[in-house]
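Notes for the one structure printed next.
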Amino acid sequence: MATVEEIGALLGEPRFHWSDPGPWTALEQELGVRFPTDFREVTDAYGPVVINGHLQLDHPGHRFRNLGERIREEIGFWQEEDLAEFLPHRAGPGPGELLPVATGSQAEYVFLRVPREPSQPWAVGVQEMDTWEFVLHEMTFGDWLLAYLKGEDVMVGATVPARPSYTSLA
């Protein structure tokens, strides 16, 4: 599993450094799911952020870029009758469902696939709205983000600059 240090080596030093577990605890209790450690660590380190001018992540403790609000809105969006057919699994926090956690600037949605069993690994899925293509990546969020930062084809339509960068939204 990729670490924040490995991601930081490509992306730059994080500046958010969230340390209060309270917002995560509340969100996890509300959704009935424990987020993967690597996702929490990256989000806590970088906070609400736009990576490479393309990938936006929010944080559960941020007042305006709140991950919990984003997830609730996106689950509702994806559960609408007209859109549910485009995902391979139901949007939501239940076992085997797709939990929306990030967006791209070119009409992409990034999901964490909740494991069906606690012993199974999480995976990352990307839905591209222009082509309606969904790609599941059987890797952790940290590994997926590291692959994205290295320019690997893990996000439909994304181009990565020679030197990855981020803009804090905090």
Side-chain angles (χ1 to χ4, degrees), residues 1-78 91-93 97-114 121-129 137 139-152 154-170:
M1 178 178 357
T3 65
V4 172
E5 290 77 22
E6 290 172 295
I7 291 165
L10 288 174
L11 190 56
E13 285 297 313
R15 294 188 296 258
F16 191 65
H17 303 293
W18 187 271
S19 60
D20 177 10
W24 283 110
T25 301
L27 180 58
E28 290 173 341
Q29 286 175 349
E30 175 190 341
L31 296 175
V33 67
R34 173 118 171 107
F35 285 87
T37 302
D38 63 331
F39 179 76
R40 285 179 60 150
E41 288 174 352
V42 167
T43 307
D44 281 346
Y46 288 93
V49 65
V50 174
I51 298 172
N52 294 334
H54 180 76
L55 177 65
Q56 181 177 323
L57 297 170
D58 291 333
H59 189 277
H62 194 268
R63 186 175 178 182
F64 301 110
R65 301 284 184 177
N66 187 280
L67 179 64
E69 290 174 16
R70 164 81 55 124
I71 288 173
R72 286 186 290 279
E73 289 172 9
E74 298 298 336
I75 288 173
F77 173 77
W78 285 104
E97 293 182 337
L98 299 170
L99 194 58
V101 296
T103 57
S105 63
Q106 298 174 4
E108 303 94 356
Y109 289 84
V110 178
F111 297 87
L112 294 176
R113 185 193 62 200
V114 181
W122 288 76
V124 178
V126 179
Q127 172 69 51
E128 208 289 321
M129 298 295 284
H137 302 279
M139 58 180 66
T140 66
F141 178 81
D143 288 340
W144 176 86
L145 182 58
L146 193 60
Y148 168 74
L149 294 173
K150 290 179 176 179
E152 295 177 25
V154 293
M155 192 158 179
V156 180
T159 56
V160 178
R163 175 71 178 142
S165 65
Y166 72 95
T167 303
S168 174
L169 300 175

Has Arg163 got more than 12 heavy atoms of other residues, nucleotides or ligands less than 6.0 Å from its CZ? yes
Please tell me if the side chains of Thr103 and Val110 come closer than 4.5 Å, counting only heavy atoms from C-beta onward. no
Donor-acceptor contact present, side-chain Glu73 to main-chain Arg70, <3.5 Å: no
Main-chain N/O of Trp144 paired to His137 side chain as donor or acceptor, under 3.5 Å: no
Determine whether a donor-acceptor pair (N or O, by modelled atom type, separation under 3.5 Å) exists between the side chain of Arg65 and the backbone of Pro60. no
Would you check if the side chain of Asn52 reaches a backbone N or O of His54 as a donor-acceptor pair within less than 3.5 Å? no
In this structure, CD of Gln127 is separated from CG of Leu98 (nearest 0.5 Å) by 9.5 Å
Could you check whether Trp78 and Tyr109 have their ring centres less than 6.0 Å apart? yes
Whether Gln56 side chain and Ser105 backbone form a donor-acceptor pair below 3.5 Å: no
For the backbone of Phe141 and the side chain of Trp122, can you confirm whether one donor and one acceptor N or O come within less than 3.5 Å of each other? no
Nearest 0.5 Å, please: how far is CZ in Phe64 from CG in Leu169? 12.5 Å
To the nearest 0.5 Å, how far apart are CG in Leu146 and CG in Asp38? 11.0 Å
For the CD atom of Glu6 and the OG1 atom of Thr3, what is their distance to the nearest 0.5 Å? 4.0 Å
Starting at CG of Leu11, measure out to OH of Tyr148 and round the result to the nearest 0.5 Å. 9.5 Å
Expected output: side-chain Asp58 to main-chain Pro48 donor-acceptor under 3.5 Å: no
Could you grab the distance from atom CH2 of Trp18 to atom CZ of Arg40, nearest 0.5 Å is fine? 12.0 Å
With distance as the sole test, does His59 use its side chain to make a donor-acceptor pair with the main-chain N or O of Gly61 at under 3.5 Å? yes
